[in-house]
Amino acid sequence: MTDLQKITPAAKALPDAQTVTEVTHWTDRLFSFRCTRPRSLRFRSGEFVMIGLLGDNGKPLLRAYSIASPSWDEELEFYSIKVPDGPLTSKLQHIRPGDQIILRPKPVGTLVLDALLPGKRLWLFATGTGVAPFASLLRDPETYEKFEQVILMHTCRQAAELEYGRQLVESLPEDPLIGEFVGDKLLYYPTTTQEDSAGTGRITDNLTSGRVFADLGIPPLDPAADRGMVCGSLAFNTDMKTILEAAGLREGANSAPAEYVVEKAFVG
Ligand code: A2P
C-alpha cells in the first residue's frame, strides 16, 4: 500500500474515484499522470475538470486541471506542477499506478476550438504547465482540419521543463492515429528564459520584436488570418492580451467566438 492509499482510504468509496494508470516525473517540479476515464465523461479538447484527493479532514481537496489527453483517448492525462507546500500537489505528486484520485466529470473551459472564429493559423501560447490544454488540442484531428498551420510557442525557465511538450510534439508526425492530420502543419517554438538553449526569450518579447515571425518565416499577427489561445500565469495572460488586442484580435468565448481565448494555468 502506498502512502497515498493510506491517506485516502475513503476515495475508493466515492462515486467519482478513478484509478491512476501511469505516472511520469519530468523534473523535481513537474510530473504527468494518466488515469481511467469515466465512461460517461465527454469533453472538448482544451477543457478542464476538477480533480484531487481526500484532504486530511476527509473532505475532497479539488483543483481545476486541464485535461492534457485528447477527447478520443480512452484514458485521461494531466500535467502538473509540484508545489512543496501546495495543499493538493504536495500530496498528488506521490501518486502511483493503482492509487485512486477524485475526478468530477463536469468539463468546462474557454480554450476550445468552438470559441474561435474560422482562421488560417492557430497560435498556442503557453508558459510552464499552461501547455497542458494544448497537449490535448495538438492530439485532436479537428485542430488540423480547421487550420492550415498550428504554432506552439512554449516558454519555461529551464530547458528540462520543456521536455513534456517537446516529446509530445516530436511524437506527433509519426503518430499512427493523428500523424496524417498533423502532416507538416505543426510549427514548434520552444524557448527558455533562465538558461541558454536553442531558443531563448519570453513569448511576449519574441512576438513584439518580430523574432518569432522571422524565425518561422510567417507574417505578423493579422486578425483576418490568425487565431490565438493563451494559457499561463496571470501576468503572462495579461501581457498577451495586450499584444493580441494591439494586433486587432478580440477575445472570444463559447457564447461569442472571436479571434483569441485565454485561460489561467493551474498553479499550487
Ligand atoms: P521569466 O523567467 O523571464 O520570468 P513562472 O515559472 O514564473 O510561471 O514562469 C514561467 C515562464 O513564463 C518563464 O519562462 C517566465 O519568464 C515566463 N513569464 C513569466 N511572466 C511572464 C510575462 N508576464 N510575460 C511573458 N513571459 C512571462
Side-chain angles (χ1 to χ4, degrees), residues 24-32 46 48 63-66 68 78-90 92-93 109-111 121-138 151-169 187-216 218 220-221 226-251 259-268:
T24 306
H25 293 274
W26 297 91
T27 71
D28 56 1
R29 293 190 63 234
L30 294 166
F31 71 113
S32 62
F48 64 84
R63 294 286 184 272
Y65 268 83
S66 290
F78 298 96
Y79 182 50
S80 179
I81 197 154
K82 308 175 193 178
V83 180
D85 306 324
L88 177 61
T89 62
S90 61
L92 193 65
Q93 64 179 289
T110 56
L111 300 180
R121 278 181 295 270
L122 175 64
W123 291 82
L124 305 173
F125 305 106
T127 58
T129 56
V131 76
F134 304 149
S136 175
L137 283 152
L138 287 169
I151 305 129
L152 173 64
M153 291 185 80
H154 186 203
T155 297
C156 297
R157 298 178 188 194
Q158 317 281 340
E161 297 167 338
L162 291 167
E163 208 49 29
Y164 170 79
R166 178 185 299 283
Q167 289 189 20
L168 174 84
V169 166
L187 298 174
Y188 179 45
Y189 201 83
T191 56
T192 52
T193 51
Q194 295 186 25
E195 180 180 81
D196 266 342
S197 68
T200 54
R202 287 181 161 198
I203 289 173
T204 44
D205 294 338
N206 286 326
L207 285 167
T208 46
S209 69
R211 184 174 159 192
V212 61
F213 307 111
D215 285 351
L216 297 178
I218 46 181
L221 296 176
D226 293 291
R227 301 292 172 259
M229 291 189 171
V230 182
C231 191
S233 64
L234 202 52
F236 171 70
N237 290 359
T238 305
D239 291 350
M240 278 304 303
K241 282 172 84 151
T242 304
I243 291 173
L244 296 175
E245 297 275 347
L249 282 73
R250 297 160 305 153
E251 184 169 2
E259 288 89 25
Y260 77 92
V261 281
V262 185
E263 212 152 69
K264 194 169 164 294
F266 165 68
V267 278

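Counting starts at 1 for both ligands and their atoms, in listed order. Each residue takes its place number in the sequence, starting with 1.
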Near [X], which atoms of ligand 1 are under 4.0 Å from a heavy atom of that residue?
X	value
Ala235	23 (N)
Gln194	1 (P), 2 (O)
Cys156	14 (O)
Thr193	1 (P), 2 (O), 3 (O), 13 (C), 14 (O), 15 (C), 16 (O)
Thr155	11 (C), 14 (O)
Thr127	11 (C), 12 (O)
Thr204	24 (N), 25 (C)

> Which is closest to atom 8 (O) of ligand 1 by heavy-atom distance: Ser233, Gly232, Ala265?
Replying inline: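 Shortest heavy-atom distance from atom 8 (O) of ligand 1: Ser233.
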Before signing off on this row, confirm whether Asp239 and ligand 1 have an N or O atom pair separated by under 3.5 Å.
->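 Yes - when backbone and side-chain N and O of Asp239 are compared with those of ligand 1, one distance drops under 3.5 Å.
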Heavy atom of Ile203 under 4.0 Å from ligand 1?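 No, that is not the case, since the closest heavy atom of the residue is not under 4.0 Å from the ligand.
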* Sub-6.0 Å ring centroid separation between Trp123 and Phe213 ->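 Yes.
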> Hey, do the aromatic rings of Tyr79 and Tyr164 have their centres closer than 6.0 Å?
Replying inline: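 So the answer is yes for these two rings.
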Which residues share a ring pair (Phe, Tyr, Trp, His ring centres under 6.0 Å) with Phe31, sequence neighbours left out:
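Phe31 satisfies ring pair (Phe, Tyr, Trp, His ring centres under 6.0 Å) with His25, Phe33 once adjacent residues are dropped.
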**Request:** Using a 4.0 Å heavy-atom cut-off, say whether Arg202 meets ligand 1 through its side chain, its backbone, both or neither.
**Result:**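 For Arg202, the contact with ligand 1 is made by the side chain alone.
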Look up atom SG in Cys231 and atom CG in Leu111, then write down how far apart they are to the nearest 0.5 Å.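 So the SG of Cys231 and the CG of Leu111 are separated by 5.5 Å.
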*Rounded to the nearest 0.5 Å, how far does CG of Leu124 lie from OH of Tyr188?*
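The distance works out to 12.0 Å.
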key: Cationic N near anionic O, under 4.0 Å, Lys241 to Glu251   =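 Judged by the 4.0 Å cut-off on N to carboxylate O distance, Lys241 and Glu251 do form a salt bridge.
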Requested in this report: Verify the neighbour count for atom CZ of Arg121: are there more than 12 heavy atoms of other residues, nucleotides or ligands below 6.0 Å?
Outcome: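 More than 12 heavy atoms, drawn from other residues, nucleotides or ligands, come within 6.0 Å of this atom.
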Glu161 side chain to Thr27 side chain, donor-acceptor N/O pair below 3.5 angstrom: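 Glu161 vs Thr27: no donor-acceptor pair found between side chains.
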